[in-house]
Amino acid sequence: MEIEKLHFLTPISAKKIAEEFSTPCYVYSEKALMEQARKVLAFPNAFGLTPRYAMKASSNANILKLFNKLGVHFDASSSYEVRRAIKAGIEPSHISLSSQQMPSDIADLVSLGIKFNACSLHQLEEFGKNIPNGELGVRINPGLGSGGTNRTNVGGPASSFGIWHEYIPQIFETAKKYGLKIIRIHTHIGSGSDPLVWQKVAKMSLDTVRKFPDVKILNMGGGFKVGRMSYEKSTDLQVVGAPVAELVKEFFKETGRKLHFEIEPGTFLLANCACLLAIIQDICDTGENGYSFLKLDSGMTEILRPSLYGAQHPIITIPQNPTGKTKEYIVSGHCCESGDILTPANADPEALAPRILEEAKIGDLCVIEGAGAYCSSMPAKNYNSYPEAPEVMLKEDGSVKLIRRRQTLEQIIQNEVQ
Ligand SMILES: *Cc1c(COP(=O)(O)O)cnc(C)c1O
């Protein structure tokens, strides 16, 4: 396995940012975010496209505003995300909500103009009770799943996401009871990068649309795989999208219905657009037959994906005094938790997989790449009472802007009542 390289920083710019903002610190690349957004906006489509950023991937207002300016709409996963997007200045009609938890304020949210997808029969019933004669979408679990690991698979019988495809008659029953109009079919199964899987899911989704005469919009969710490691491949949206657009055209020829198309990428827009800067604060080993450990001043408090899924992230050490040598290391986080490991085996968070890195010393900088999606938004926040790390944006003009301050101890305990 080759040594990984920095994606958008240089050793010098990484050191400069670490000195200015201290570590751990997330660094986003405005240029990379814009490049990904442009690819998403160019997704092949037959009769119109609305790309939505799945904002749970990273929810900072600066990122939302940047995508908003470029014409990207938003997918929210909770009513709190909806409110957060609105606070960031996003037009409510540009936000669609697909939530595991039915919001208690659904009537308010819909009156603001947000779009709702019922993700269970219970949600459909609740929507009907609150907004009789309303318009909404339904999320269907087509019975097929695809994901990097079982924990990122969001379709098929082992997934609770969406209404199981065999229960479509119940959807019609509830819709009739409350006079609901179903105008959107949503299938997000985490389809990966295989064009054949996307075609298969598109065909299944179109078969579902055929049963719903009022449906005008097909939303195929996100799940476009991005290679973080140099040996992994990224989805080519043109390759995945072109045959799907053809299927939508065929559907029109056959039915006379022009479907508007939606996608909701989170990972694709964010994954490689940020890195995490950390300092090697300790080094130890467990003897001749053991391992060498680099201990960072970061870990699951900033990046949980390795511990949770056995996710692979590029790790680059930046020695102050390079020896020119490489060495096998286990990279571990700063939490008192044996699972706080940044170098697990692929898709196996319980196994250790030593990485070959440039030989490092205590005090050297370490960069974890691919930290844009599901890192700052999905940490083991405040575990061991470590404060939430800051986020900075490397602007297109080369300047660096602080977009979230480091949390203080006072903020960690501010809601405690003594
Ligand atoms: C999480 C999520 C997405 C984004 O998934 P990625 O794998 O990050 O592209 C899209 N739609 C819905 C409904 C989601 O829950």
Side-chain angles (χ1 to χ4, degrees), residues 33 36-37 39-41 43 49-59 63-64 67 72-82 84-85 94-103 114-120 123 136-142 145-156 159-163 184-194 197-198 201 205 217-228 232 234-237 240-241 261-274 304-305 308-309 311 313 347 370-378:
L33 288 165
Q36 291 307 93
K39 289 183 204 163
V40 163
L41 287 157
F43 194 87
L49 170 79
T50 304
R52 300 182 178 280
Y53 167 48
M55 63 179 282
K56 70 179 186 294
S58 186
S59 321
I63 294 168
L64 304 186
F67 287 153
V72 175
H73 289 208
F74 297 87
D75 159 57
S77 297
S78 74
S79 58
Y80 293 94
E81 276 192 355
V82 170
R84 189 169 181 179
H94 289 191
I95 305 168
S96 113
L97 173 61
S98 302
S99 178
Q100 276 288 77
Q101 180 176 331
M102 184 69 190
I114 73 127
K115 303 181 162 77
F116 182 71
N117 295 317
C119 296
S120 72
Q123 290 192 1
L136 79 165
V138 285
R139 177 169 175 180
I140 305 286
N141 178 344
S146 172
T149 69
N150 283 338
R151 286 189 187 170
T152 53
N153 193 343
V154 285
S159 164
S160 75
F161 295 93
I163 301 170
R184 211 172 316 109
I185 291 293
H186 184 288
T187 48
H188 167 67
I189 65 155
S191 307
S193 55
D194 184 346
V197 174
W198 279 96
V201 181
S205 305
I217 301 158
L218 173 59
N219 182 324
M220 284 191 50
F224 303 93
K225 190 176 161 20
V226 169
R228 293 177 177 83
E232 291 175 320
S234 292
T235 312
D236 183 335
L237 296 190
V240 162
F261 200 70
E262 296 191 347
I263 49 170
E264 290 173 343
T267 302
F268 188 87
L269 281 165
L270 258 289
N272 282 330
C273 302
L304 191 57
R305 300 184 75 257
L308 198 59
Y309 315 130
H313 285 259
Y374 307 104
C375 292
S376 104
S377 64
M378 197 181 71

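Counting starts at 1 for both ligands and their atoms, in listed order. We're numbering straight along the sequence, starting at 1.
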Between the protein and ligand 1, which nitrogen or oxygen pairs come in under 3.5 Å, and how far apart is each?
residue  : atom   : partner : partner atom : Å
ligand 1 : 7 (O)  : G223    : N            : 3.3
ligand 1 : 8 (O)  : T267    : N            : 2.8
ligand 1 : 8 (O)  : T267    : OG1          : 2.8
ligand 1 : 8 (O)  : Y374    : OH           : 2.5
ligand 1 : 9 (O)  : G223    : N            : 2.7
ligand 1 : 9 (O)  : G266    : N            : 3.0
ligand 1 : 11 (N) : D75     : OD2          : 3.4
ligand 1 : 11 (N) : E264    : OE1          : 2.6
ligand 1 : 15 (O) : K56     : NZ           : 2.8

Does any donor atom in the side chain of [X] or [Y] lie under 3.5 Å from an acceptor atom in the other side chain?
| X | Y | answer |
| --- | --- | --- |
| R184 | N219 | no |
| H73 | E262 | no |
| S99 | E81 | no |

(message) For the CZ atom of R52 and the OG atom of S96, what is their distance to the nearest 0.5 Å?
(response) 4.5 Å

(request) Applying ring pair (Phe, Tyr, Trp, His ring centres under 6.0 Å), name anything that partners H313, two or more places apart in sequence or on another chain. (result) none

(message) Tell me if the aromatic rings of F224 and F43 count as close, with their centers under 6.0 Å from one another.
(response)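 Close enough - the centres of the two rings lie under 6.0 Å apart.
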
